[in-house]
> 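This is the structure I have questions about; it appears just below.
Naming convention: chains lettered A, B, ... in sequence-line order (proteins, then strands); numbering from 1 in each chain.
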Amino acid sequence: MPAVPTKAQAPESVPAAGDTSRRRHGTKSRQTRSGRSRRNRVAYLYLAPPVGFYAIFMIYPWLHTLYISFFDWDGIGIGTWAGLANYTEILHDQTLRSSILHAFVLLIFFSALPIALALALTALMTGTRKRSYPVSRTLLFLPQILPAVAVGVAWRWIYGEQGLLNQILGAVGLQGLTRTWLGDFTWAFPAVGIVGTWVGTGLCVVFFLAGAQKVPEELYEAAQLDGAGHLQEFRSITLPHLRREIGVAATVTTVAALASFDIVYVMTSGGPGTSTMVPCVLIYQLAFTAGKVGQACALAIVLSLIVFAAIAVINRISGERE
Amino acid sequence: MSALRRSAVAVATLAAIGTFTACSPGSGGAPAKADPAGPVSTKISADPVTLTLATSEAAGMTPKLIEGFTKAHPNIQVKLNQSSFDDYNKSINLQLASDTSPDLALVNLYGTSVKDGLLLNLDSYVTAYGWDKKLSKPQLDAWRVQANGMTQGGGKLYALPGGFSIVGLYYNKALLNQFGISAPPATLDEFDADLAKAKTAGVTGLEVAAKSGHAAFNIQAVAEQYDSPETLNNWIYGASGTFDTPGVHKGVEALARWAKAGYLNKSATGTDLNGAVSDFGKGKALFLHDGSWDSGAIGKALGDKAGFVPYPTAAAGDKANGMSGGVAYAVSARSKHPTEAAAFLDYMVSAQAGDGVLGAGFLPVDTSNVTTPDSPVMADIVKAWTTVQKAGGIYGFFAGASPTMNDTLTQTTQELIAGRITPDKLIELVQADWAKAHPGA
């Protein structure tokens, strides 16, 4: 008999040797409590590896980042205590503040638009006229499996002075509209944002199609018998069933928007000026170009708190209400 | 659930204790010796030695140096570790601080490397090899760093320049002829008139790589026509001064005016250096203000249609001037073979290295053994370099004034070209960056 029973050996059904006496004398409630605490101990054992992993690779680095954020440190020399100076700097530095604002505007492109587009596509692909559309699904999901750096480079070509977009505009007689999109103060930000929409939509579609598959076929049949149209079907049957999937999609895409780095860094590095600067690019520049690791950490902490807060709000809205 | 939360808190607390009992960040590593102990030797080992060299120099000068050096010393191998300019600058200090530090490292800008004791003080080698007789005082002073570890322009030497670059005005002779201009501009007024002629002909007057921060080259070049090398270099070296000088004002205003008049390439804010060089090479612009490092690409694209002169001066006959940088190498404080690494530096400034350096578009320290370049634009560059050297008009680069200055100049000049900020605002923002990096000055 192992010292710690495994999950399959529930204490009540297979009592250990010493248990008989307690069973005779003990009350029922005590018995359950001791059983539960034992089961809990087993549960902790199972939890230990992931919790340990999480503690070492997530919690510890986060706390270490928090710690460094109170120092003035160039990453190599010896840091000096800075108190809250790095945090007050975030409040006062205009570039730092505007980068956080940009991250929130990116939510429209990285989160709201992909979810809306994906819902529209899901509406087309589900319901009574349901087919599987394997090719379209693969094409839509493709941006997700491409490395973000490759996506960024490809789009930089598309937006380039002699790029595909300008060629198309030229071919249809709109030469007047051509420009270097990523060097334009007005257009660089939406140009980067649209790439985020392109990447995010496929992911959301996959979430929603998976969610739509668990909708019982009978509901659609019943709706059809009642004379519901395609749109009505989607609104009254598919959409309510997708509540949780929308929540998951919103969470994933919100993190992608607020913590966006690779696409922005590859496409514009935050330029022109600081018109596409986002917090993560700034963190990178602060830590590795400016040698201000303490301030980079402070911004990282603020950003992580913003992400936590945003996710808490999303969970609140989309959470189980049954 | 609450038990789980409790244990999570316990884990977090443990992690926190682990963190907070450690002392200040960065105090863990063993310090390297930045000053050589005792007298240095110029006698290199006869045993096999492998040196590692880290660089971002991409014009081909470094491989040539390695080839010549290892030929002269067959027992020494040099492993070349090359990365892009941006990646290199972001990672070199971490490499130098690591246990696998390269022996030799290119210095684009010192940043915190001297302050953090990552580089070997070369002063003893200067005397041992007599480098102070091969290079002029300003050439060495540019790489000297004062005791605060940040201010350049005097103090201890931490890197030796092996090849020099010169920035000037590339021009397209065919376009010049086409617009009826007899000679490249000698004064700023002539320059303005030439830009206007190009505009009338529907050709870009001045190609600007504002995405790479090179729009600031034009600000500086105009400023140099009014401000002395001491004034601007003191600011660049972080010694003293302000960006708010009469010359800088004229430079910023000129750039804003040219942008507004449509003299620059239409997509300047989105054009990087590669794009600008390629456009100029295709004959799309009359002028390109750029360094000698691109002479290879430009000579190849335009052949004898390409010319190079120092930037036009304020009045005819004023002293010629230009920005100049050096391809400078430093020895890591953690190098196990400082003697051999220093010998490499000495080879770099020797007569034997001259041809390889010039072939890559840099001006060698010792020109006694150099064959005349066959590329017409390179011949122009050698001529311009000699003129500027003789006139004492050598300036550093604005972008070297702080670790973040290149980013700041890139952003602010893009905004200026787009007409989103005023010249005064640009000067204010650039000076704010400088003040952050040099709090004592």
> Heavy atoms under 4.5 Å from chain B: which residues of residues 162-177 of chain A carry them?
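If one takes a 4.5 Å heavy-atom cut-off, the residues of residues 162-177 of chain A near chain B are A:Gln162.
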
> Can you name the nearest heavy-atom pair linking A:Gly77 to B:Asp116, along with the distance?
CA-OD1, 3.4 Å

> From A:Asp74 CG over to B:Lys115 NZ, what is the distance, rounded to the nearest 0.5 angstrom?
5.0 Å

> Please confirm whether the backbone N or O of A:Gly183 pairs with a side-chain atom of B:Thr269, one donor and one acceptor, at under 3.5 Å?
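Here the side-chain-to-backbone pair exists.
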
> About how many Å separate CD of B:Gln414 and CZ of A:Phe185, when rounded to the nearest 0.5 Å?
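Rounded to the nearest 0.5 Å, the CZ-CD separation comes out at 5.5 Å.
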
> For A:Trp62, does the CH2 atom have more than 12 heavy-atom neighbours from other residues, nucleotides or ligands under 6.0 Å away?
yes

> Do NZ/NE/NH1/NH2 and the carboxylate oxygens of A:Asp93 and B:Lys436 come within less than 4.0 Å?
yes

> Report yes if the side chains of A:Thr178 and B:Lys266 come closer than 4.5 Å at any heavy-atom pair, otherwise no.
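Counting from C-beta outward, A:Thr178 and B:Lys266 do come under 4.5 Å.
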
> With a 4.5 angstrom heavy-atom cut-off, which part of A:Thr186 approaches chain B: side chain, backbone, both or neither?
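When you check distances to chain B, no heavy atom of A:Thr186 falls under 4.5 Å.
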
> If you take all heavy atoms of B:Gly270 and A:Thr180, which pair is closest and at what distance?
CA-OG1, 4.2 Å

> Does atom CZ (A:Phe288) have a neighbourhood of more than 12 heavy atoms from anything else shown, all under 6.0 Å?
no

> Does any heavy atom of chain A fall under 4.5 Å from the side chain of B:Asp433, the backbone, both, or neither of them?
neither

> Rounded to the nearest 0.5 Å, what separation is found between the OG atom of B:Ser267 and the CG atom of A:Leu182?
11.5 Å

> Please look at B:Leu94 and chain A and tell me whether the side chain, the backbone, both or neither of the residue comes under 4.5 angstrom of a heavy atom of that chain.
both

> Go through B:Glu415 and A:Thr274 one step at a time and tell me if the side-chain contact (heavy atoms from CB on, under 4.5 Å) criterion holds.
CA-CA 9 Å; B:Glu415 305 234 14; A:Thr274 53; 4.1 Å; yes

> Name the member of B:Thr408, B:Thr413, B:Asp407 that forms the most heavy-atom pairs with chain A at distances under 4.5 Å.
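Heavy-atom pair counts peak at B:Asp407.
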
> Sort by residue number and list every member of residues 83-92 of chain B having a non-hydrogen atom under 4.5 Å from chain A.
B:Asp86, B:Asn89, B:Lys90

> Just wondering, more than 12 heavy atoms not from A:Trp157 lying within 6.0 Å of its CH2?
no

> In sequence, state the C-alpha distance, the side-chain angles, and the governing distance for A:Lys292 and B:Thr404, and then conclude on side-chain contact (heavy atoms from CB on, under 4.5 Å).
CA-CA 10 Å; A:Lys292 291 185 175 168; B:Thr404 45; over 6 Å; no

